[in-house]
Undergrad: 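First the structure, which I've put down as structure tokens, then a few questions once you've had a look.
Here the structure is a predicted model, which is why all the values come from computation and not from measurement.
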Protein chains: 2
Amino acid sequence: MCQHCNYPELLTTARLELTESRLRVLEIIGNNSFPLSAGDIYKTLERSSTINRVTVYRILDLLVDHGIVERLSTGGRSAYYGLAPNAFHQPHPHFYCKKCGQMDCLKPDSLTVKVEPLSKTFPGRIDKVEIRVDGICKNCLKQN
Amino acid sequence: MCQHCNYPELLTTARLELTESRLRVLEIIGNNSFPLSAGDIYKTLERSSTINRVTVYRILDLLVDHGIVERLSTGGRSAYYGLAPNAFHQPHPHFYCKKCGQMDCLKPDSLTVKVEPLSKTFPGRIDKVEIRVDGICKNCLKQN
DNA sequence: ACGGCTATGCAATATTGTTGCATGGTCTAT
DNA sequence: ATAGACCATGCAACAATATTGCATAGCCGT
């Protein structure tokens with residue numbers, strides 16, 4: 001849950017038309033404390049009113065392209081989405097539970113990496129560094 | 001290309017039946033300098049003799065479960081596979097080119113992360129830490 | 001050689017994501 | 001206010017990736 005982000009403003013600042021669907025997608029992502037899959041987001045939206053699955057994918061692509069939302073990979077099959085780093089959100093690593101598929105955010109300083117040495121010598125363009133911890137979450141450990 | 005790994009031995013040490021198909025899958029992964037997708041592996045195998053796509057997926061799952069092969073996520077849609085860290089292979093980060101989908105291995109010490117502080121306080125089980133750099137590779141940069 | 005276990009194949013299905021086209025709404029310039 | 005252009009959304013079909021259930025055939029220990 002983000003106390004600071006103004007979602008309509010995030011959209012308009014990126015010069016994106018402010019539509020009901022886009023705002024709802026962004027709110028779901030921003031108000032959730034952990035990243036969600038496209039399917040999760042679609043199902044949540046569907047509960048309150050109808051929206052097309054394709055529209056959700058397109059909005060997600062759009063938000064990612066404009067740097068408002070971040071697409072995260074998991075140890076599993078589908079991508080997860082969370083608010084992209086901005087003035088209120090530092091980049092941070094994630095934890096993926098191999099058992100239940102839940103993805104959690106870790107504290108920004110719990111794991112850090114120095115990119116400079118690599119970026120000085122790397123011949124390509126570096127856009128971002130993703131750190132993901134895989135394992136079994138507390139809850140799933142208990143169940144065994 | 002791995003000069004040190006004995007592939008049949010890797011299989012038998014893990015108490016896995018040594019079959020032609022498993023060995024071929026493992027050799028393809030081990031002899032390649034960068035991780036491959038399941039589809040890549042399947043296509044390569046198909047060129048020399050027939051094998052079922054499902055068999056490839058099952059062998060990959062098996063090798064991952066037994067810690068011989070490592071499943072890597074990408075910024076893209078499918079998982080990639082490389083030799084798992086062992087006596088001859090240190091864990092290392094990877095680079096994923098968003099444009100061509102090529103996945104490359106980076107030097108083990110090019111980016112490192114200290115896990116201990118996290119593992120001391122984290123309530124779940126930590127199996128591995130994956131570091132992936134996303135961007136555009138040298139070749140794709142040239143093409144623009 | 002026999003019985004059981006395992007690896008593989010095949011077909012069907014599931015999941016996730018994408019594309020092409022139609023429609024309807026919004027914005028801008030007149 | 002209206003026309004034209006543009007854009008967001010929906011719908012259907014498709015594409016890529018992965019999984020499941022069941023059949024078969026091969027291997028292994030007795």
Undergrad: Might you work through the side chain to side chain contact (heavy atoms under 4.5 Å, CB included) test for A/Val115 and B/Val133, ending with a clear yes or no?
TA: CA-CA 10 Å; A/Val115 189; B/Val133 179; over 6 Å; no
Undergrad: Name the nucleic acid region contacted by B/Ser37, choosing base, sugar-phosphate or nothing; use a 4.0 angstrom heavy-atom cut-off, strictly under.
TA: nothing
Undergrad: Are the side chain of A/Ser110 and the backbone of A/Leu106 linked by a donor-acceptor contact shorter than 3.5 Å?
TA: no
Undergrad: Using whole Å, report how far CD1 of A/Ile59 lies from P of D/dG10.
TA: 8 Å
Undergrad: Let me know the distance between CZ of B/Arg58 and C1' of C/dA11, rounded to the nearest Å.
TA: 12 Å
Undergrad: May I ask you to verify if any side-chain N or O of A/Asn52 is less than 4.0 angstrom from the OP1 or OP2 atom of D/dC11?
TA: yes
Undergrad: Using atom CZ of A/Arg77 as one end and atom C1' of C/dA14 as the other, report the distance to the nearest whole Å.
TA: 7 Å
Undergrad: When you check the phosphate oxygens OP1 and OP2 of C/dA7, does a side-chain N or O of B/Thr19 lie under 4.0 Å from one of them?
TA: no
Undergrad: Quick one: A/Glu20 CD to C/dT26 C1', roughly how many Å, whole number?
TA: 16 Å
Undergrad: May I ask you to decide whether A/Lys128 forms a salt bridge with A/Glu130, counting only side-chain N to carboxylate O separations under 4.0 Å?
TA: yes
Undergrad: Can you name the one residue among B/Asp127, B/Asp61, B/Asp65 that meets salt bridge (Lys or Arg N to Asp or Glu O under 4.0 Å) with B/Arg71?
TA: B/Asp61
Undergrad: Tell me: CG of B/Asp61 to P of C/dT8, nearest whole Å?
TA: 13 Å
Undergrad: Between B/Phe95 and A/Phe122, is the ring centre distance below 6.0 Å?
TA: yes
Undergrad: Whole-Å distance between C/dA7 P and B/Leu23 CG?
TA: 15 Å
Undergrad: Would you kindly give the OH-to-P distance between A/Tyr57 and D/dA12, to the nearest whole Å?
TA: 17 Å
Undergrad: Tell me the interatomic distance from B/Tyr42, atom OH, to D/dA16, atom C1', rounded to whole angstroms.
TA: 14 Å
Undergrad: Considering heavy-atom distances to DNA chain D, does B/Glu17 or B/Arg53 have its closest nucleotide positioned more toward the 5' end?
TA: B/Arg53
Undergrad: Between B/Val56 and A/Ala38, which residue's closest nucleotide on DNA chain C lies nearer the 5′ terminus?
TA: B/Val56
Undergrad: Using a cut-off of 4.0 Å on non-hydrogen atoms, how would the nucleic acid contact of A/Arg22 be classed: base, sugar-phosphate, or nothing?
TA: sugar-phosphate
